[in-house]
*Asks:* 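Pasting a structure here, questions to come.
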Amino acid sequence: MRRVELLEEIIKRRLLYWPSSEIYGGVGGFYDYGPLGVQLRRNIVEKWRRTFVLPFQDLIIEVETPIIMPEPVFKASGHLDHFTDYVVGCTKCGRKYRADHLVEEELAKRGLKISTEGLSAAELERLIAEHRIVCPNCGGPLGRVESFNLLFKTTIGPYSENAGYLRPETAQGIFVAFPRLAEYVGRRHPFGVAQIGRVARNEISPRGGLMRLREFTQMEIELFFDPQNPKCPYFAEVEGLEIPIVPEELVAKGQTEPLFLTAREVAARGYANEWMAFFMALAAKFLKELGVPLERQKFLGKLPHERAHYSAKSYDQMVLTERFGWVEVSGHAYRTDYDLSGHMRHSGREMYLERRLPAPKEVEVVRIYPNPNAIREKYGDRIGEVIKAIKENEAYVAKTFGEGRQEVTVGEYIVTRDMVFIKTEKRKTDLEKFIPHVVEPSFGLDRIMYAVLEHALAEEGGRVYLRLPADVAPINVCILPIVKRQDYVEIGRSLRRELATEGFLVWYDDEGTIGSRYAACDEIGVPLAVTIDERTPTDGTVTIRDRDTRKQVRIGLRDVAKFLAAVRKGVSFDEAAKALGAMPV
RNA sequence: GCGGCGGUAGUCUAGCCUGGUUUAGGAUGGCGGCCUCCCAAGCCGUUGAUCCCGGGUUCGAAUCCCGGCCGCCGCACCA
């Protein structure tokens, strides 16, 4: 725990992050990020984009959607029903249980298999009373069943009945915009949509610093593909990468040790489809490059009852931390067509893509023809709009009536069966509609940032510093005149301005001893330090120092930017020095 | 939400048990200056604390009691 304490102290003192609303006592689960924290987060986000989005930009696009969405979205997504927990407490020992789980388990013990899916609090209470279920811990009587919804609720506009919710995942904004996004990519598939943004969950008890926040940042991709063709065109690029994986079947046996398989093996053994394996391989590489070695990562298969309501298969990417043990930094879910189907059902909007058949086939098409007389009877002059709405949702209308229902809502109109004629026609086509399936990798930025900090912490002798990867370090370089002398200071300040203009984050300091300034820079993970000394004013050279080895070389002032750029790109200190013809010190 | 422990300058911490020389002490940091030419050196000055909040006990509370907030640990929860 000593290392954890050292890290905590640096985080507080150097203001990476701290509890929000502190002067009013603070609220659990909310944190502010300071200047260094913001920069570190931004760099991690950019690295994520460089890993998951930019290389595949012909396939994966990026959007940004609102944090607040209206109630129907979460009705359709299942969050209003499934994001609610029913909790029941023992009146004697005070233990709390998930009411639905408790009822199912207790009745299962008595050989009664029932599903509590969709039951209300009152119905659960009735079951508890009926079957005389008591506290499994102490046998005491159970109290009232209370419901707890993890969605933050708010109202949109001045009318309180217009409910809105803070999104619990960025995904829904993407699903809801699916028709437009599909149009943007020319209705080709597969395609993916990335989103980085804030989400909120009203957690019962936030705990563990950044590990369980009520508001946090997600980096997600919804990858839409044809379930009949689950091939990932870029799979060859990752198939050799290793994935430490504990597949479901081993989790079920109680195994926690991962198998180290290549992405190819993971897909071949059916542990995940190519798309999931693709993202998992990239995720493992991403965390590795952030400083978390593969041996401290694993992808844990989720058993059916552990999965979210929308998921047919899930892996949690876990990393081993000193402070919290194994924590989930990303979730990889196979969401099937759950979300798009749900939104299609609730909104009436079509969520199809088309696949081309190898040979044209004759299909029966159910066509809908509006019955103007019947429509005018009910809607009068608005007949034009109604007909337009019916035409736009022809397939949906046909399907609904096909199921034998007598009315259907399209847009703001209720269309009854008598308002349309339904005709079955035969047609040749080589297109077939389908609702795409979705594979979703979802990353928690805040947790990743913590894991990165913990893994970066280095303690050597009396020295404590952050060995952050150069491309995520919040500050790129420190500029330090060896002493505070006017000509050194001037050179230092102008170098600072020059580098800043070129897009580097620069820390300038001319106060105190050089040793303590090096230490202060190392402590926040600045990879390089430039020192201006007696040679600088005469020959225009400076020394540049490597954070990890404290090794120094001498380069020309005009090469500093090149050196920084190389190191930020991943070139080692020695290689950068060699490439620029640096002189040993 | 339950139980245990904790909360003193930016940071770390002494004092609390045993209430009163404590205008709450130290270290480190910040700021100004001196000195300083390579890995947290020295000197001078200065700045720093709602002792978490509220209430109670008492002549007197950082200190004792109660409630709350926040944090840590365990249990529960984490769709």
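Treat the numbers as computed from the prediction; the structure is a model and nothing was measured. Residue numbers start from 1 in every chain, and the chains themselves are labelled A, B, ... in the order their sequence lines are given, proteins ahead of strands.
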*Asks:* Work out how far the P atom of B:C53 is from that of B:A61, and round it to whole angstrom.
*Replies:*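 Result for the P pair: 15 Å, nearest Å.
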*Asks:* Looking only at non-hydrogen atoms, find the nearest pair between A:Val506 and A:Arg496 and report the distance.
*Replies:* CG1-CG, 3.9 Å
*Asks:* Measure across A:Gly173 and A:Met69 and return the closest heavy-atom pair with its distance rounded to 0.1 Å.
*Replies:*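 Smallest heavy-atom distance, with atoms named: CA-CE, 3.6 Å.
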*Asks:* Rounding to a whole Å, what distance do you find between A:Asp546:CG and B:C38:P?
*Replies:*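 Value for this atom pair: 20 Å.
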*Asks:* Which whole number of Å gives the distance between the C1' atom of B:A27 and that of B:G15?
*Replies:* 15 Å
*Asks:* Which pair of heavy atoms, one from A:Pro247 and one from A:Tyr315, lies closest together, and at what distance?
*Replies:* CA-OH, 3.9 Å
*Asks:* Partners of A:Glu248 by side chain to side chain contact (heavy atoms under 4.5 Å, CB included), sequence neighbours excluded?
*Replies:*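 So A:Glu248 forms a side chain to side chain contact (heavy atoms under 4.5 Å, CB included) with A:Leu303, A:Pro304, A:Arg307, A:Lys313.
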*Asks:* Quick one: A:Gln172 CD to B:A79 P, roughly how many Å, whole number?
*Replies:* 16 Å
*Asks:* Mapping A:His309 and A:Ile23 to their closest nucleotides on RNA chain B, which lands nearer the 5' end?
*Replies:*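 Of the two residues, A:Ile23 wins.
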*Asks:* Given atom CG of A:Leu6 and atom P of B:U28, what is their separation to the nearest angstrom?
*Replies:*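 My rounded result for the distance is 18 Å.
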*Asks:* Say whether, by atom type as modelled, one donor and one acceptor occur between the side chain of A:Ser311 and the main chain of A:Ala308 under 3.5 angstrom.
*Replies:*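 No, because the side chain of A:Ser311 does not come within donor-acceptor range (under 3.5 Å) of the backbone of A:Ala308.
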*Asks:* Minimum heavy-atom separation for A:Arg214 and A:Phe152, please, with both atom names.
*Replies:*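 Minimum heavy-atom separation between A:Arg214 and A:Phe152: O-CE1, 3.7 Å.
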*Asks:* Distance between the P atoms of B:A24 and B:C52, in whole angstroms?
*Replies:* 14 Å
*Asks:* Could you give the distance separating B:U28 and B:C43 at their P atoms, to the nearest angstrom?
*Replies:*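 These two P atoms come out 9 Å apart once rounded.
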*Asks:* How far does the C1' atom of B:U58 sit from the matching atom of B:C64, given to the nearest Å?
*Replies:*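 About 10 Å, rounded to a whole number of Å.
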*Asks:* Is A:Lys551 close enough to B:C39 that one of its side-chain N or O atoms is under 4.0 Å from OP1 or OP2 there?
*Replies:* no
*Asks:* Can we say A:Glu459 and A:Arg3 salt-bridge, meaning some charged N sits less than 4.0 Å from an Asp/Glu carboxylate O?
*Replies:*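 No, no charged N to carboxylate O under 4.0 Å.
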*Asks:* By a strict heavy-atom criterion of less than 4.0 Å, which residues belonging to residues 524-534 of chain A are in contact with RNA chain B?
*Replies:* A:Thr531, A:Asp533, A:Glu534
*Asks:* If the P atom of B:G3 is compared with that of B:A41, how far apart are they to the nearest Å?
*Replies:*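 That atom pair is separated by 50 Å.
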*Asks:* Side chains of A:Arg467 and A:Tyr465: do they bring a donor and an acceptor to under 3.5 Å?
*Replies:*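 On atom types as modelled, these side chains qualify, holding a pair under 3.5 Å.
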*Asks:* Kindly say whether the aromatic ring centers of A:Tyr165 and A:His79 come within a distance under 6.0 Å.
*Replies:* no
*Asks:* Do A:Leu480 and A:Asp510 come close enough that some side-chain heavy atom pair is under 4.5 Å?
*Replies:* no
*Asks:* For the pair made of NZ in A:Lys12 and C1' in B:A9, what is the distance, rounded to whole Å?
*Replies:* 13 Å
*Asks:* Write down the distance separating the P atoms in B:C66 and B:G7, rounded off to the nearest Å.
*Replies:*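 Pairwise P distance, B:C66 against B:G7, rounds to 16 Å.
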*Asks:* Return the nucleotide paired to B:G3: Watson-Crick means purine N1 to pyrimidine N3 with N6-O4 or O6-N4, wobble means G-U with N1-O2 and O6-N3, both under 3.5 Å.
*Replies:* B:C73
*Asks:* Spell out protein contact along nucleotides 69-74 of chain B as letters: B when the base is contacted, S when just the sugar-phosphate is, - when no protein heavy atom is under 4.0 Å; keep the 5' to 3' order.
*Replies:* SSSSBB
*Asks:* Just call it for A:Arg463: base, sugar-phosphate, or nothing, with non-hydrogen atoms closer than 4.0 Å on any strand.
*Replies:* nothing
*Asks:* By nearest atom, which of the nucleotides B:C77, B:C37, B:U36 is closest to the A:Arg485 side chain?
*Replies:*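 When the side chain of A:Arg485 is considered, B:C37 is the closest of B:C77, B:C37, B:U36.
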*Asks:* Can you give each donor-acceptor pair under 3.5 Å made by side-chain atoms of residues 437-456 of chain A, sequence neighbours left out, with the distance rounded to 0.1 Å?
*Replies:*
residue	atom	partner	partner atom	Å
A:His437	ND1	A:Tyr334	OH	2.5
A:Glu440	OE1	A:Arg335	NH1	3.4
A:Glu440	OE2	A:Arg335	NH1	2.7
A:Ser442	OG	A:Glu220	OE2	2.8
A:Asp446	OD1	A:Thr217	N	2.9
A:Asp446	OD2	A:Tyr33	OH	2.4
A:Asp446	OD2	A:Arg41	NH1	2.7
A:Arg447	NE	A:Met211	O	2.7
A:Arg447	NH1	A:Glu328	O	2.8
A:Arg447	NH2	A:Met211	O	2.7
A:Tyr450	OH	A:Glu454	OE2	2.9
A:Glu454	OE1	A:Glu322	N	2.6
A:Glu454	OE2	A:Glu322	N	3.3
A:Glu454	OE2	A:Arg323	N	3.1
A:His455	ND1	A:Ala451	O	2.9
A:His455	NE2	A:Arg296	NE	2.8

*Asks:* Please list, chain by chain and in numerical order, all residues satisfying side chain to side chain contact (heavy atoms under 4.5 Å, CB included) with A:Arg550, sequence neighbours excluded.
*Replies:*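 For A:Arg550, the residues satisfying side chain to side chain contact (heavy atoms under 4.5 Å, CB included) (neighbours in sequence not counted) are A:Arg463, A:Arg545.
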*Asks:* Taking atom types as they are modelled, is there a donor-acceptor pair under 3.5 Å from the base of B:C39 to the side chain of A:Arg545?
*Replies:*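 Yes.
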*Asks:* Can you tell me the base-pairing partner of B:G42? Count Watson-Crick or G-U wobble geometry only, both distances below 3.5 Å, and say none if there is no partner.
*Replies:* B:C34
*Asks:* Starting at the 5' end of RNA chain B and moving along, which residue's nearest nucleotide shows up first, A:Glu511 or A:Glu8?
*Replies:*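 Counting from the 5' end, the first nearest nucleotide belongs to A:Glu8.
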*Asks:* With heavy atoms under 4.0 Å as the rule, sort A:Gln552 into base, sugar-phosphate or nothing.
*Replies:*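 The answer is base, as A:Gln552 lies within the cut-off (heavy atoms under 4.0 Å) of a base atom.
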*Asks:* Within the structure shown, what part of the strands sits under 4.0 Å from A:Arg14 by heavy-atom distance: base, sugar-phosphate, or nothing?
*Replies:*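 No contact at all - A:Arg14 keeps every heavy atom at 4.0 Å or more from the nucleic acid.
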*Asks:* Which whole number of Å gives the distance between the P atom of B:G26 and that of B:C5?
*Replies:* 32 Å
*Asks:* If I take atom CZ in residue A:Arg554 and atom C1' in nucleotide B:C38, what distance separates them, rounded to the nearest angstrom?
*Replies:* 11 Å
*Asks:* Take the protein atom CD1 of A:Ile491 and the nucleotide atom C1' of B:C37, then report the distance between them rounded to whole Å.
*Replies:* 14 Å
*Asks:* Flag this pair as yes if the NZ/CZ of A:Lys298 is under 6.0 angstrom from the six-membered ring centre of A:Trp326 and inside a 45 degree cone about the axis; otherwise no.
*Replies:* yes
*Asks:* Measure the distance from OH on A:Tyr518 to C1' on B:C39 and round it to the nearest whole Å.
*Replies:*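 One finds 7 Å between C1' of B:C39 and OH of A:Tyr518, rounded.
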*Asks:* Hunt down the Watson-Crick or G-U wobble partner of B:C64, both distances under 3.5 Å, from any strand shown, or write none.
*Replies:*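 WC or wobble partner is B:G56.
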*Asks:* Assert yes or no for the condition that the ring centre distance of A:His343 to A:Phe178 is strictly below 6.0 Å.
*Replies:*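 A:His343 vs A:Phe178: aromatic centres not under 6.0 Å.
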*Asks:* Polar atoms only, N or O, under 3.5 Å: list the protein pairs with nucleotides 40-43 of chain B and their distances.
*Replies:*
residue	atom	partner	partner atom	Å
B:A40	O4'	A:Ser516	N	3.2
B:A40	N6	A:Glu523	OE2	3.2
B:A41	OP1	A:Thr513	OG1	2.9

*Asks:* Any idea which of B:C37, B:C77, B:A79 is nearest the A:Ala308 side chain?
*Replies:*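 For the A:Ala308 side chain, the nearest candidate turns out to be B:A79.
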*Asks:* Round to a whole Å and report the spacing from CG of A:Asp316 to C1' of B:A79.
*Replies:* 12 Å
